[in-house]
Amino acid sequence: MNTAETDNKYEKLLNPDELWALVDCNNFYASCEELFRPDLKDKPIVVLSNNDGCIVARSQKAKELGIPMGEPEFKIRSFLKLHNVAVFSSNYALYGDISTRVMHIIDEICPCEPYSIDEAFCRLKKSLAPNCLEIAKLLRERIQKWTGITCSVGIAPSKTLAKLANHIAKKENGIFILDPAQENFNELLKKIPVREIWGVGKKQSEKLRTNSIRTAYDYKSASEEWIQKNLTVTGLKTLRELHGVPCIETDFSDTPKSLVCSRSFGVRIQNFAELLEAVSSFTAQGAERLRRKNLLASGMCVHIRTSSHAQNCCKNTANALFPYPLCDTKTMLPIAKKLLEGMYRKNHAYVKAGIMFYGILPARSIQKNVFSLLNEQEEQNTEKLMHALDAINKRHGKHAIKFGAEGLENTAWRMKQEHKSPYNPRDIRNLPIAKLS
DNA sequence: TCTGGGGTCCTAGGACCC
DNA sequence: TCTGGGGTCCTAGGACCC
């Protein structure tokens with residue numbers, strides 16, 4: 001099939017009613033830190049992953065220094081020092097709060113579907129197309145003015161193209177509209193490496209390259225059969241989206257399919273008691289998140305592993321279905337312990353552990369079942385206990401009260417956070433002070 | 001010496017059934 | 001003695017996203 005035929009085929013499928021705008025905050029974590037440290041404006045800033053492991057965000061100046069995303073901090077420590085780079089441990093309470101504010105602003109202008117902490121898709125009626133540019137300008141200006149965060153806006157008929165439009169916007173003046181009908185559409189796609197396409201990762205881009213598919217235009221021109229055979233149905237959806245045909249649904253439901261709580265340790269652990277403390281603590285944190293979101297889990301999985309950089313990396317997981325969907329820590333802790341006992345091996349240096357809840361359901365969808373009716377009084381007591389526990393922790397701070405199995409605050413396995421900014425936007429004492437002269 | 005965490009989706013392969 | 005094949009369900013693992 002030649003390109004002209006392909007284009008015609010997709011033209012028929014075009015959804016005439018909708019456009020997508022992708023709003024993406026620039027250098028989000030680094031920009032959040034900068035809000036509270038105006039002295040760092042236009043300076044290189046990096047934010048580290050949990051445990052102060054890798055670089056997960058960089059300010060524009062840090063990017064210009066050539067600091068790569070995902071680089072382990074210890075490898076470039078002296079470089080960071082030499083160039084006076086401001087280093088922060090991640091402060092998710094801060095980023096989450098700023099994110100909520102940004103999402104509210106977007107939602108007031110047009111209905112928004114948050115996609116990640118720093119991105120949201122907005123559905124625009126195509127009848128608004130003549131005003132797209134105005135809407136994009138308003139989004140950018142208001143977010144900048146009300147939060148201090150700079151964002152980019154990409155607009156196109158499919159989410160994949162909106163992502164590419166955003167990619168171009170970041171290099172232009174912050175706004176770009178990508179329309180398959182525009183004359184230079186193919187020329188624009190020819191400039192974008194295949195790796196920049198949403199859904200094409202490292203492995204797939206290598207595979208594509210060995211088959212001479214190097215740019216977004218090459219991908220768009222490939223045959224459906226070849227793409228589906230080599231990149232599965234997900235790749236096929238991407239192909240159609242590149243032609244402007246929306247086929248990727250994003251799941252915005254409030255009920256996730258799974259919920260994970262896991263951490264790398266500050267030090268290696270061999271001792272069962274310490275490992276159990278960590279797993280119990282993750283179970284308690286996960287259960288608290290379930291209760292906060294009014295969810296129940298049908299089962300859980302515990303995983304532990306030794307270093308993946310060592311020669312004999314050892315990974316273990318163990319699953320258990322709960323007797324009925326639940327969210328109370330008290331019932332979960334003995335289950336987690338039993339799962340861990342079945343996997344733990346002496347003399348292994350464990351570096352990471354975690355738990356995952358699956359089969360998640362909204363609490364209101366569950367009727368009292370046979371099991372819980374048998375112990376109604378006990379169940380009510382547990383519910384009261386969990387409610388009291390959450391209330392105390394909400395009022396007096398995280399970990400104000402907890403289960404003995406979770407261990408003490410200062411145990412060695414807790415993660416390193418040596419560069420954490422002290423800012424909590426909900427605490428008035430943290431607000432920057434403006435001085436008028 | 002030191003390399004994140006929380007998600008989703010898809011596929012292959014094994015177990016099981018008839 | 002000779003011992004099939006197709007469907008379904010589950011799970012582990014890979015790839016991808018931010």
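Letters A, B, ... mirror the listed sequences (proteins, then strands); counts begin at 1.
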Where the side chain of [X] is concerned, which of [options] is the nearest nucleotide?
X	options	value
Arg77(A)	dC17(C), dC2(B), dG6(B)	dC2(B)
Cys261(A)	dT3(B), dA12(C), dG6(B)	dG6(B)
Arg263(A)	dC2(B), dC10(B), dG5(B)	dG5(B)
Asn50(A)	dC16(C), dA12(C), dG4(B)	dG4(B)
Ser262(A)	dC18(C), dC16(C), dG5(B)	dG5(B)
Trp198(A)	dC18(C), dC10(B), dT3(B)	dC18(C)
Ser258(A)	dC16(C), dT3(B), dT8(B)	dT8(B)
Val56(A)	dC18(C), dG4(B), dC17(C)	dG4(B)
Arg195(A)	dC10(B), dC17(C), dC18(C)	dC17(C)

Select base, sugar-phosphate, or nothing to describe what [X] touches, counting heavy atoms under 4.0 Å on all strands.
X	value
Glu71(A)	nothing
Leu259(A)	sugar-phosphate
Gln204(A)	sugar-phosphate
Asp52(A)	nothing
Tyr115(A)	sugar-phosphate
Ile355(A)	nothing

Side chains of [X] and [Y]: donor-acceptor distance under 3.5 Å anywhere?
X	Y	value
Glu406(A)	Ser280(A)	no
Glu241(A)	Thr160(A)	yes
Lys43(A)	Asn84(A)	no

Rounding to an integer number of Å, can you tell me how far [X] [atom1] sits from [N] [atom2]?
X	N	atom1	atom2	result
Ile55(A)	dG4(B)	CD1	P	12 Å
Leu48(A)	dG4(B)	CG	P	11 Å
Asn51(A)	dG6(B)	CG	P	12 Å
Lys159(A)	dC17(C)	NZ	P	16 Å
Met69(A)	dC16(C)	CE	C1'	14 Å
Phe88(A)	dG4(B)	CZ	C1'	19 Å
His167(A)	dC17(C)	NE2	C1'	16 Å

Legend entry - Presence of salt bridge, Lys190(A) and Glu187(A), under 4.0 angstrom: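 Answer for the salt bridge query: yes.
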Legend entry - Asp390(A)/Arg291(A) ion pair, N-O < 4.0 Å: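 Judged by the 4.0 Å cut-off on N to carboxylate O distance, Asp390(A) and Arg291(A) do form a salt bridge.
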Are any of [X]'s side-chain N or O atoms less than 4.0 Å away from OP1 or OP2 of [N]?
X	N	result
Ser264(A)	dG5(B)	yes
Arg268(A)	dT1(B)	no
Lys352(A)	dT3(B)	no
Ser116(A)	dC17(C)	no
Arg289(A)	dG7(B)	yes
Lys163(A)	dC18(C)	yes

Inset, instruction - Check Lys170(A), Lys171(A), Glu119(A) against Ser152(A) for a side chain to side chain contact (heavy atoms under 4.5 Å, CB included) and give me the one that passes. - result: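 The side chain to side chain contact (heavy atoms under 4.5 Å, CB included) with Ser152(A) is passed solely by Lys170(A) among Lys170(A), Lys171(A), Glu119(A).
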Inset, instruction - Any strand is fair game: report the nucleotide pairing with dC18(C) by Watson-Crick or G-U wobble, both distances under 3.5 Å, or none. - result: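 dC18(C) is paired with dG5(B).
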Inset, instruction - Go ahead and name the base partner of dT11(B); Watson-Crick or wobble counts if both distances stay under 3.5 Å, otherwise write none. - result: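 Base-paired to dA12(C).
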Legend entry - Residue whose closest nucleotide on DNA chain B lies nearer the 5' end, Gly53(A) versus Lys237(A):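 By nearest-heavy-atom nucleotide position, the 5'-most residue is Gly53(A).
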Legend entry - Residue whose closest nucleotide on DNA chain B lies nearer the 5' end, Tyr29(A) versus Gln228(A):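 On the 5' side of the pair lies Tyr29(A).
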Legend entry - Lys NZ or Arg CZ of Lys257(A) over Tyr358(A) ring: under 6.0 Å, within 45°: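 No, Lys257(A) does not sit over the ring of Tyr358(A).
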